Each structure stands twice: as structure tokens, then as C-alpha cells.
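Here is the structure we will look at, set down as C-alpha cells.
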Amino acid sequence: MAKKGRVFSGARPTGRQHLGNYLGAIKNYVALQADYECVYCIVDVHALTTVETTQELRQNTFEMALDWLAAGMYPEESIIFVQSHVPQVMELHTYLSMVTPLGKLTDLPTFKEKIRQQPENVNYGLVGYPVLMAADIVLYKTDIVPVGIDQAPHLEFTREVVRSFNYRYQTKVLIEPQVKHTEVLKVLGIDGREKMGKSLNNHIELALTPEETVKRVREMVTDPARQRKTDPGNPDVCNVFTMHKLFSGQDEVDMINVECRKAGIGCVDCKLRYANNLNKNLEPFRAKRAELAARPHYIQDVLDDGAKRARAIAEQTMVEVREAMQLP
Ligand code: ADP
């Protein structure tokens with residue numbers, strides 16, 4: 001079937017993926033493959049802006065690729081690769097940086113946030129982060145980028161850079177990518193308050209064993225106003241109930257919605273039901289992950305093949321870019 005265009009998305013190599021990554025990104029990556037030619041990149045160079053020690057980079061890349069493939073990202077069609085394996089992106093980054101006013105970069109909210117987060121390491125790469133991201137996107141002649149609300153300014157920035165480049169060199173070689181706004185679901189961590197994330201250690205990894213999953217789910221914070229089992233609860237403010245709606249059958253969700261409000265079901269029981277349903281849902285993923293983990297060479301082959309296909313597109317773009325710039 002003819003595809004509707006090319007999608008690009010990148011994510012930093014953060015190692016084993018958690019439920020937030022799955023529901024907020026990976027699930028969408030998998031779904032897009034049906035209609036689009038997808039290019040999915042593990043952006044290890046971007047990671048260097050915040051990571052100072054690189055010992056874990058390889059392992060994290062491997063673990064993330066495992067999760068992606070086990071979740072249904074399909075390397076026979078999609079291009080799945082590691083950013084640093086395509087050096088053309090660094091070259092394009094440099095050329096794009098020449099048409100980028102510095103003030104635009106330092107004004108971006110994401111840059112300001114990074115200064116707050118790591119005042120001791122405000123490196124040059126951090127300022128150029130959106131330029132590298134723009135290079136990633138346009139290098140593959142991307143039509144569409146799926147983004148959540150927090151990344152929207154970066155996409156607008158990419159479109160501006162493309163216009164500036166094309167105007168300066170009187171060319172149409174770079175394509176302005178379209179934004180595909182995705183309804184980004186914010187998955188809360190086991191604390192029931194903050195966004196689920198590795199740094200807060202409030203996450204549930206997809207690759208946990210069923211027993212570890214139960215243990216982690218038991219730690220989840222429920223309606224804080226419900227102190228005892230005999231107190232009625234409010235599912236509307238309970239993260240466990242939110243997760244039930246994603247992983248449990250409608251009958252069970254309806255039952256909990258009614259019973260919790262009249263203390264007919266306790267939080268422990270409710271959590272165990274969620275953990276069981278989550279485990280059941282993740283069973284095929286975990287089986288596939290175990291099978292893939294036993295074949296590390298296969299993962300390497302997938303990433304090598306992805307890089308080869310990505311480089312072919314990238315080099316073609318760069319030939320056109322250098323030509324447009326009339327580089328000697
Ligand atoms: P990055 O720094 O590349 O955003 P993250 O691991 O924070 O790395 O996120 C990878 C992807 O997973 C992003 O698309 C992000 O929006 C999504 N994601 C991460 N945590 C959550 C969460 N708790 N809820 C929803 N989506 C999430």
C-alpha cells in the first residue's frame with residue numbers, strides 16, 4: 001500500500017523504557033508505521049548535551065532498541081538507527097547553524113529550562129540542540145513529525161530554519177516538515193503526582209518480571225483522602241483508576257468506579273487487579289523481548305542496516321545541499 005509520506009522521530013537513549021515512554025511515544029511510533037514510511041532515531045549525540053559519562057550509552061541504546069522492537073517497531077519497513085552512525089547530520093547541523101540567529105536559540109523555553117537544570121554545564125551543544133534536531137529532521141526529507149505540546153516550539157524553529165536556508169541559497173532543497181500533533185498522554189508515576197520518569201524513580205519498566213510489576217504497583221499512591229479501607233474513595237483523582245482505564249476491561253473499570261466510591265473494593269485489591277491486567281497486556285511484549293535479548297547480534301544488525309539506509313538518504317540530501325550552497 002502506498003504510504004502517505006515520511007515520518008521522523010528521535011528519542012534519547014534512556015535505557016529500559018517505562019510505561020510513560022510506551023503510552024506517550026512508542027505506541028504511537030508503532031501505529032504510524034501502518035500509514036507512513038517511518039524513520040526512528042536513537043539520538044545519542046543529543047544525549048551528550050546532558051550526559052557527561054558515556055559508559056552507559058551503548059547499553060542504554062541496546063536496551064532501548066530491544067524495547068522498541070519488542071513493542072512492534074518493524075525494522076523491515078521502518079528505518080531504526082543510531083544518530084551518530086550518520087555523520088552527515090553533523091555537517092548539516094553546521095550549515096544550518098549559519099542561518100540561525102543566536103537569540104532565537106537562547107530564547108527557547110527548553111534552553112532556559114536546561115540552564116536551570118544544569119547551571120554548571122551550560123555547554124555550546126545545549127544552545128545548538130534545536131539546530132541539531134532540525135538537521136535530523138530535514139536530512140531525511142521528513143514530511144511529518146509527531147510532536148507533543150512541549151516540542152512544538154522546536155518544530156516551529158525547524159520550519160523557520162528551513163525557510164531561512166532555502167531563502168539564503170535560493171533553493172527548495174530542504175522540506176518544511178509538517179507537525180502532527182499527538183494527543184500526548186501524561187502518565188503519572190507511582191507517586192501519583194509527578195510525570196513518570198526514570199530520574200524521579202517513580203517509573204514502571206516494561207521489562208520488569210510479573211512479580212516485580214506487582215511489587216511496584218503495590219507502591220502506587222491512590223486517592224490521598226482515603227485513609228482506611230472503609231473510607232469511600234474517589235476514582236476521579238486516583239492514578240490507579242486512570243491506569244485501569246488503559247489496561248482493564250470495561251466491566252472491571254465500571255465495577256471499580258462504583259465500588260471504590262462506596263468502599264466496596266479496597267486499594268490493595270484494586271492495585272492487584274491492575275497489576276494482573278498490566279502483566280497480561282505486557283506478556284507478548286515480554287516474550288518477544290526475551291527472545292530478542294538472546295540474539296544481541298540481531299539487534300546490532302538491525303541498527304547497522306538502519307544506519308545504512310539512513311546514510312543513503314542523508315548523503316543524497318547533502319549532495320543537493322552542497323550543490324545549492326555552491327560549495328567548491
Ligand atoms: P526525551 O528526553 O527524549 O524526551 P524521555 O525518556 O523523557 O526522553 O522521553 C521519551 C519519550 O517518551 C518522549 O516522547 C516523552 O514525551 C515520552 N514520555 C516520557 N515520559 C512520559 C510520561 N510520563 N508520560 C507520557 N509520555 C512520556
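None of the values given here were measured: they were computed from a predicted structure. All values below come from the heavy atoms of this structure, side chains included, with hydrogens, waters and symmetry mates left out. For ligands, and for the atoms within them, numbers begin at 1 and follow the listed sequence.
Aromatic pair Y129/F157: centroids not less than 6.0 angstrom apart.
Ring geometry for F8 against Y140 counts as parallel: the plane angle stays under 30°, on a 0 to 90° scale with 60° as the upper cut.
Proximity of a side-chain donor or acceptor of K271 to a complementary backbone N or O of R218 within less than 3.5 Å is detected. Using modelled atom types, no side-chain atom of S248 and backbone atom of K245 make a donor-acceptor pair closer than 3.5 Å. A donor-acceptor distance shorter than 3.5 angstrom exists from the side chain of N277 to the backbone of R273, with no hydrogens or angles considered. A distance-only check finds a donor-acceptor pair linking the side chain of Q118 to the backbone of N121 [under 3.5 Å].
Atoms of ligand 1 found under 4.0 Å from any heavy atom of V187 (numbered from 1 in listed order, with element): 22 (C), 23 (N), 24 (N), 25 (C). Atoms of ligand 1 found under 4.0 Å from any heavy atom of M196 (numbered from 1 in listed order, with element): 20 (N), 21 (C), 22 (C), 23 (N). Annotation for ligand 1: atoms under 4.0 Å from non-hydrogen atoms of G24 are 25 (C), 26 (N). Residue T14 has at least one heavy-atom neighbour below 4.0 Å for each of these atoms of ligand 1: 6 (O).
Between the side chains of R286 and N279, at least one donor-acceptor pair of N or O atoms lies under 3.5 Å.
For atom 21 (C) of ligand 1, the closest heavy atom belonging to the protein is K195 CE, 3.4 Å. Looking only at heavy atoms of the protein, atom 4 (O) of ligand 1 is closest to R12 CD, 4.9 Å. Atom 25 (C) of ligand 1 has L185 O, 2.8 Å as its closest protein atom, hydrogens excluded (heavy atom only).
Distance screen at 4.0 Å: atom 23 (N) of ligand 1 has a protein heavy-atom neighbour inside the cut-off.
Polar contact check, G20 against ligand 1: a nitrogen or oxygen pair lies under 3.5 Å apart. Taking only nitrogen or oxygen atoms, main chain and side chain alike, G197 does not reach within less than 3.5 Å of ligand 1. Here's the thing with A25: none of its N/O atoms is less than 3.5 angstrom from an N/O atom of ligand 1.
Put simply, M318 and V161 are part of the same group of oily side chains (I, L, V, M, F, W, Y) that touch within less than 4.5 Å, one to the next.
In this structure, H203 has no heavy atom closer than 4.0 Å to ligand 1.
Contact annotation for H18 and ligand 1: only side-chain heavy atoms (C-beta onward) come within less than 4.0 Å of the ligand.
With salt bridges taken as basic N to acidic carboxylate O contacts below 4.0 Å, one links E77 and K3.
The option with the heavy atom closest to atom 10 (C) of ligand 1, from among V43, N21, L188, is N21.
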